[in-house]
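The block underneath contains the structure these notes are about, expressed in structure tokens.
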Amino acid sequence: GEAPFLADAALRRRLRELTAANQELSNLLAGSQVPSVMVDREMRVCRFTRPAERAFGLSASDVGRALPGLDLNVEAPLLEENLRGVLDGLFLAKQLEVRDGQDRWYALWIRALRRPGRAADGAVLSLVDVTERRIGLRALEASRGYGEAIVDAVNNSLIILNRHLKVKRASRVYRELFLDAPEDIE
């Protein structure tokens, strides 16, 4: 008589725990500001965060549809191949640089969803805006090129040393005087 009651009570307690965990995860997803999409092994959309609606161009009607077949707001030409590689265990995670129609750049992270000892059950795709970083890198490269042009324009022998006092850059006049090729420096 009492054993079924105890089993039912244990099941009810476990059900309450699972329901609470599911609500916590739902709240976490709802509160996330990161555009993220969860897909299953067949690459079908399972869930996505609110920011993913705009960033990826998703709507509620996309749930259950294959992600590679959707018209996304980001240009990701190798998405299907990289997603398949993560799902098949070739990569634990993969990062791609993608861009949207407004010329904003993103790091697209693809990470496997897996339980211990099992193959990937699906994957999570997340976007991080890297536009400002790319702009900064371009500015740094332009500054470096400008600095190198100044060093080469100097009509004297000039070298630039790093913090270890190794030659980092040498002017054209220095290289001509000491017969050093540019590739011999640094």
Side-chain angles (χ1 to χ4, degrees), residues 4 7-145:
D8 287 345
L11 286 174
R12 282 195 301 274
R13 189 182 83 254
R14 184 70 179 136
L15 181 60
R16 280 193 306 271
E17 290 171 359
L18 289 173
T19 300
N22 188 43
Q23 288 172 340
E24 288 173 3
L25 285 174
S26 293
N27 288 335
L28 179 65
L29 279 175
S32 174
Q33 298 304 307
V34 176
S36 299
V37 180
M38 291 175 65
V39 298
D40 63 16
R41 268 205 70 67
E42 287 74 39
M43 300 186 212
R44 292 184 302 246
V45 175
C46 298
R47 297 181 139 182
F48 52 87
T49 60
R50 188 168 304 282
E53 290 178 31
R54 189 175 124 279
F56 283 98
L58 297 173
S59 67
S61 64
D62 292 324
V63 172
R65 295 176 59 201
L67 187 69
L70 299 177
D71 185 23
L72 302 176
N73 284 350
V74 292
E75 299 169 23
L78 299 175
L79 176 63
E80 187 170 1
E81 293 86 349
N82 285 291
L83 184 52
R84 177 55 51 210
V86 169
L87 290 169
D88 290 345
L90 299 176
F91 320 109
L92 290 176
K94 191 73 176 173
Q95 181 188 4
L96 310 171
E97 285 219 348
V98 299
R99 115 179 137 178
D100 66 13
Q102 284 75 48
D103 211 25
R104 297 208 55 87
W105 287 86
Y106 299 89
L108 171 62
W109 281 96
I110 306 170
R111 291 184 176 90
L113 289 173
R114 68 178 76 243
R115 288 179 265 173
R118 296 193 52 188
D121 295 321
V124 175
L125 295 87
S126 300
L127 288 175
V128 177
D129 192 331
V130 295
T131 305
E132 298 304 318
R133 181 179 60 97
R134 286 181 63 95
I135 290 170
L137 285 174
R138 275 190 255 147
L140 180 63
E141 289 168 3
S143 295
R144 183 176 291 133

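Taking the side chain as every heavy atom from C-beta outward, Leu72 and Asp100 never approach each other to under 4.5 Å. For the pair Val37 and Leu58, the minimum side-chain heavy-atom distance is below 4.5 Å. Counting only heavy atoms from C-beta outward, the side chains of Leu108 and Leu79 approach each other to under 4.5 Å. By the 4.5 Å heavy-atom criterion applied to side chains, Phe48 and Val63 are counted as neighbours. At least one side-chain heavy atom of Met38 sits less than 4.5 Å from a side-chain heavy atom of Val124.
Among residues two or more places apart in sequence or in another chain, the side-chain hydrogen bond (donor to acceptor under 3.5 Å, both in side chains) test is passed with Glu17 by Arg14. Considering only residues two or more places apart in sequence or on other chains, Thr49 meets the side-chain hydrogen bond (donor to acceptor under 3.5 Å, both in side chains) condition with none of them. Qualifying side-chain hydrogen bond (donor to acceptor under 3.5 Å, both in side chains) partners for Asp40, counting only residues two or more places apart in sequence or in other chains: Arg44. With sequence neighbours excluded, no residue forms a side chain to side chain contact (heavy atoms under 4.5 Å, CB included) with Asp71.
For residues 51-64, the set of pairs meeting the side chain to side chain donor-acceptor pair (under 3.5 Å) definition, not counting sequence neighbours, comprises Ser59-Ser61, Asp62-Arg65. Listed by first then second residue, pairs satisfying side chain to side chain donor-acceptor pair (under 3.5 Å) with a partner in residues 123-140 read Ser36-Ser126, Glu97-Arg133, Glu97-Arg134, Arg104-Asp129, Asp129-Thr131, not counting sequence neighbours. Pairs passing the salt bridge (Lys or Arg N to Asp or Glu O under 4.0 Å) check and including a residue from residues 18-30, sequence neighbours excluded, do not occur.
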Identify every side-chain donor-acceptor pair in residues 81-94 under 3.5 Å, counting partners at least two apart or on other chains, and give the distances.
from	atom 1	to	atom 2	distance (Å)
Asn82	ND2	Leu78	O	2.8
Arg84	NH1	Asp88	OD1	3.3
Arg84	NH2	Arg41	O	3.2
Asp88	OD1	Arg41	NH2	3.4

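Ala76 and Val98 make their closest contact through CB-CG1, 3.6 Å (heavy atoms, listed as atom of the first residue, atom of the second, distance). Taking each heavy atom of Ile110 and Ala123 in turn, the nearest pair found is CG2-CB, 4.2 Å. The two atoms that bring Ala120 and Arg114 nearest to each other are N-NH1, 3.7 Å, heavy atoms only.
From Tyr106, atom OH reaches atom CD of Gln95 across 14.5 Å, with rounding to the nearest 0.5 Å.
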